[in-house]
Undergrad: 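Here it is, the structure, as structure tokens.
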Amino acid sequence: MAESVEKLEDGIVRSAEQVSGQIRAAKEAIASVIFGQDRVIENTLVTILSGGHALLNGVPGLAKTKLVETLGVTLGLDAKRIQFTPDLMPSDILGAEVLDESTAGRRAFRFIAGPVFAQLLMADEINRASPRTQSALLQAMQEQHITVAGARHDLPKPFHVLATQNPLEQEGTYPLPEAQLDRFLMEIDVDYPDRDAERRILFETTGAEETLARGSMTADALIAAQRLIRRLPVGDSVVEAILSLVRSARPGPDAGEAGKFIAWGPGPRASQSLMLAVRARALIDGRLAPSVDDVLDLAEPVLKHRMALTFQARAEGRTIPDVIRQLKTRIG
């Protein structure tokens with residue numbers, strides 16, 4: 001029995017070293033095309049390696065679309081893009097059945113798959129779609145399959161949604177319901193690049209030649225990495241940090257002084273997301289186990305879209321990131 005456990009551990013170590021090298025190569029390949037967004041690239045990779053979906057928030061022109069295109073090429077995934085608009089219908093993204101007539105005169109329904117049948121789907125400006133269309137995408141994100149005319153159609157594996165939102169425009173938008181927000185493993189803020197990164201963007205993207213993305217992984221390798229992440233060990237201190245942080249982000253005695261600012265907080269899905277995310281981040285860094293620092297670094301993108309503040313907190317000018325930082329100080 002001891003020899004079997006030792007062989008299993010050796011196999012995990014060898015697999016982790018190999019996968020970690022592939023992920024680092026993919027990260028470098030993405031960074032050669034997307035400049036000045038290292039934290040965004042890392043958090044997006046963490047989300048995908050964890051098997052989840054991400055919500056990218058940022059003003060126009062910050063390379064959110066370019067990031068998804070580059071991820072598709074680098075990770076070897078079939079990537080598609082949907083531009084969400086208020087008149088978009090569920091059938092426009094899921095697909096529909098059409099009536100075909102054969103040369104013999106026989107008629108039968110045939111399913112034509114929509115753009116949701118992709119391994120990496122970019123939902124551009126998702127909050128512009130109506131609630132009816134958002135709910136159709138919700139089933140795809142959560143269940144990994146869709147239902148059309150009573151028939152089930154499984155989505156490709158892996159399946160990840162990277163949705164974008166423009167935080168500036170509110171007219172003609174439909175805010176995402178809490179149930180759908182909870183399906184996103186992370187909410188990632190895409191900020192302006194610094195001066196040096198923007199200088200590099202000017203030279204790299206306005207010349208005669210442009211740097212193109214290159215492949216570093218395959219879909220099968222990504223699936224193997226996702227399975228490996230679930231096998232990585234997690235120490236008791238990390239587990240306790242996750243539990244303490246998530247439970248303190250809910251209204252109640254666990255929140256301490258911050259409890260009066262929280263209207264509602266994250267459920268157990270947040271704990272699951274954080275558990276997977278810290279493992280994925282450790283693997284990207286070439287480590288075999290996550291640390292408490294990983295929990296603290298990933299707390300905000302995992303928790304902030306799963307919380308709401310009270311009227312008192314908003315009146316006092318408090319923000320959700322402020323509250324999360326206050327909760328983090330109780331851990332370390």
Side-chain angles (χ1 to χ4, degrees), residues 39-40 42-47 49-57 141-142 163 165 167 175-191 229-230 232-285 287 289-332:
R39 187 62 180 267
V40 174
E42 179 176 291
N43 283 349
T44 306
L45 281 174
V46 166
T47 300
L49 288 168
S50 302
H53 315 287
L55 182 63
L56 303 174
N57 275 329
M141 291 170 57
Q142 180 64 24
Q165 280 192 146
L176 296 179
E178 287 74 15
Q180 186 161 342
L181 284 172
D182 194 36
R183 263 64 178 188
F184 289 102
L185 189 140
M186 279 195 197
E187 181 179 332
I188 304 171
D189 289 331
V190 185
D191 295 322
I229 282 169
R230 291 178 174 267
L232 293 182
V234 181
D236 290 340
S237 61
V238 176
V239 175
E240 291 302 319
I242 292 173
L243 287 173
S244 298
L245 185 60
V246 174
R247 293 183 65 83
S248 66
R250 304 166 185 164
D254 290 337
E257 288 294 324
K260 61 183 179 181
F261 301 124
I262 302 172
W264 55 267
R269 187 180 281 121
S271 304
Q272 296 170 327
S273 298
L274 197 50
M275 186 81 156
L276 291 171
V278 296
R279 285 168 163 167
R281 188 172 189 264
L283 191 62
I284 290 176
D285 289 344
R287 293 177 282 117
S291 67
V292 175
D293 288 338
D294 295 317
V295 178
L296 298 176
D297 288 342
L298 294 174
E300 185 175 322
V302 171
L303 296 179
K304 65 181 178 181
H305 59 295
R306 296 179 163 102
M307 299 173 62
L309 300 182
T310 62
F311 175 78
Q312 176 189 349
R314 296 195 302 272
E316 294 179 7
R318 295 270 184 167
T319 65
I320 291 177
D322 291 338
V323 174
I324 293 176
R325 281 192 289 271
Q326 182 178 348
L327 297 174
K328 285 163 57 175
T329 58
R330 303 173 60 191
I331 295 177

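By convention here, the first residue in the shown sequence is residue 1. Computed from heavy atoms alone, side chains included, the values below leave out hydrogens, waters and symmetry copies.
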Undergrad: Report the residue from V302, V246, L245 that forms a side-chain contact (heavy atoms from CB on, under 4.5 Å) with V295.
TA: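 Exactly one candidate clears the test, L245.
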
Undergrad: Using side-chain heavy atoms (C-beta onward) and a distance below 4.5 Å, is L176 in contact with H305?
TA: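 When only atoms from C-beta onward are counted, H305 and L176 do not touch, as no gap falls below 4.5 Å.
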
Undergrad: Do any N or O atoms from the side chain of T329 and from the backbone of Q326 form a donor-acceptor pair under 3.5 angstrom?
TA: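 Between the backbone of Q326 and the side chain of T329 there is a qualifying donor-acceptor contact (under 3.5 Å).
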
Undergrad: Can you name the closest pair of heavy atoms from K304 and E187 and give their distance?
TA: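 Taking K304 first and E187 second, the nearest heavy atoms are CE-O, 3.3 Å.
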
Undergrad: Indicate yes or no for a side-chain donor-acceptor contact from D297 to the backbone of D294 under 3.5 Å, with no hydrogens or angles considered.
TA: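 No, D297 side chain to D294 backbone: no donor-acceptor pair under 3.5 Å.
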
Undergrad: Compare all side-chain heavy atoms of L56 with those of T44 and state whether any distance is below 4.5 angstrom.
TA: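 Of all side-chain heavy-atom pairs linking T44 with L56, at least one is under 4.5 Å.
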
Undergrad: Quick one: NZ on K260 to CD on Q312, what's the gap to the nearest 0.5 Å?
TA: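 Output value for this atom pair is 6.0 Å.
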
Undergrad: Could you check if a side-chain atom of I320 sits within less than 4.5 angstrom of a side-chain atom of L303, using non-hydrogen atoms only?
TA: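 Answer no - side chains too far apart.
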
Undergrad: Taking all atoms of both residues into account, what is the closest heavy-atom pair of A54 and I188, and its distance?
TA: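 Of all heavy-atom pairs spanning A54 and I188, the closest is CB-CD1, 4.0 Å.
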
Undergrad: Testing the basics here: between K328 and A299, what is the closest heavy-atom pair and its distance to 0.1 Å?
TA: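 So the two residues come closest at CD-CB, 4.1 Å.
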
Undergrad: If you look only at distance, which donor and acceptor atoms sit under 3.5 Å apart when one is on a side chain in residues 272-280 and the other is two or more places apart or in another chain?
TA:
from	atom 1	to	atom 2	distance (Å)
S273	OG	R269	O	2.9
S273	OG	R306	NH2	3.3
R279	NE	L232	O	3.2
R279	NH2	L232	O	3.4

Undergrad: Drop me the distance from D293's CG to I331's CD1, to the nearest 0.5 angstrom.
TA: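 If I round to the nearest 0.5 Å, the distance is 11.5 Å.
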
Undergrad: Nearest 0.5 Å please: distance from the CG atom of L327 over to the CZ atom of R247.
TA: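 Spacing of CG (L327) from CZ (R247) equals 13.5 Å.
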
Undergrad: Could you walk me through whether V40 and D191 pass side-chain contact (heavy atoms from CB on, under 4.5 Å), step by step?
TA: CA-CA 9 Å; V40 174; D191 295 322; over 6 Å; no

Undergrad: Sequence neighbours left out, what passes side chain to side chain contact (heavy atoms under 4.5 Å, CB included) with A313? Give chain and number order.
TA: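 Per chain and number, A313 pairs via side chain to side chain contact (heavy atoms under 4.5 Å, CB included) with F261, L309, T310, R318.
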
Undergrad: Which atom pair, heavy atoms only, marks the closest approach of G265 to P251?
TA: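 In terms of heavy atoms, the two residues are closest at N-CD, 3.8 Å.
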
Undergrad: Between A249 and M307, what is the shortest heavy-atom contact and its length?
TA: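 Closest approach of A249 to M307, heavy atoms only: O-CE, 3.8 Å.
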
Undergrad: Hey, does P290 have a side-chain heavy atom less than 4.5 Å from the side chain of V234?
TA: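 In contact.
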
Undergrad: Please enumerate all residues that pass side chain to side chain contact (heavy atoms under 4.5 Å, CB included) together with E240, with sequence neighbours excluded.
TA: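 E240 satisfies side chain to side chain contact (heavy atoms under 4.5 Å, CB included) with L243 once adjacent residues are dropped.
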
Undergrad: Kindly indicate whether the side chain of I284, heavy atoms from C-beta on, has any atom under 4.5 Å from the side chain of L45.
TA: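 Of all side-chain heavy-atom pairs linking L45 with I284, at least one is under 4.5 Å.
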
Undergrad: Heavy atoms only: give me the nearest R250-G267 pair and the separation to one decimal.
TA: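 Scanning both residues, the minimum pair turns out to be NH2-C, 3.6 Å.
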
Undergrad: Within a reach of under 6.0 Å around CZ of R230, are more than 12 heavy atoms found that belong to other residues, nucleotides or ligands?
TA: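 No - once you tally the heavy atoms of other residues, nucleotides and ligands closer than 6.0 Å, there are 12 at most.
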
Undergrad: Say you draw a straight line from CE of M141 to CZ of R183; how long is it, rounded to the nearest 0.5 Å?
TA: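 Interatomic distance, M141 CE to R183 CZ, rounded to 0.5 Å: 8.0 Å.
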
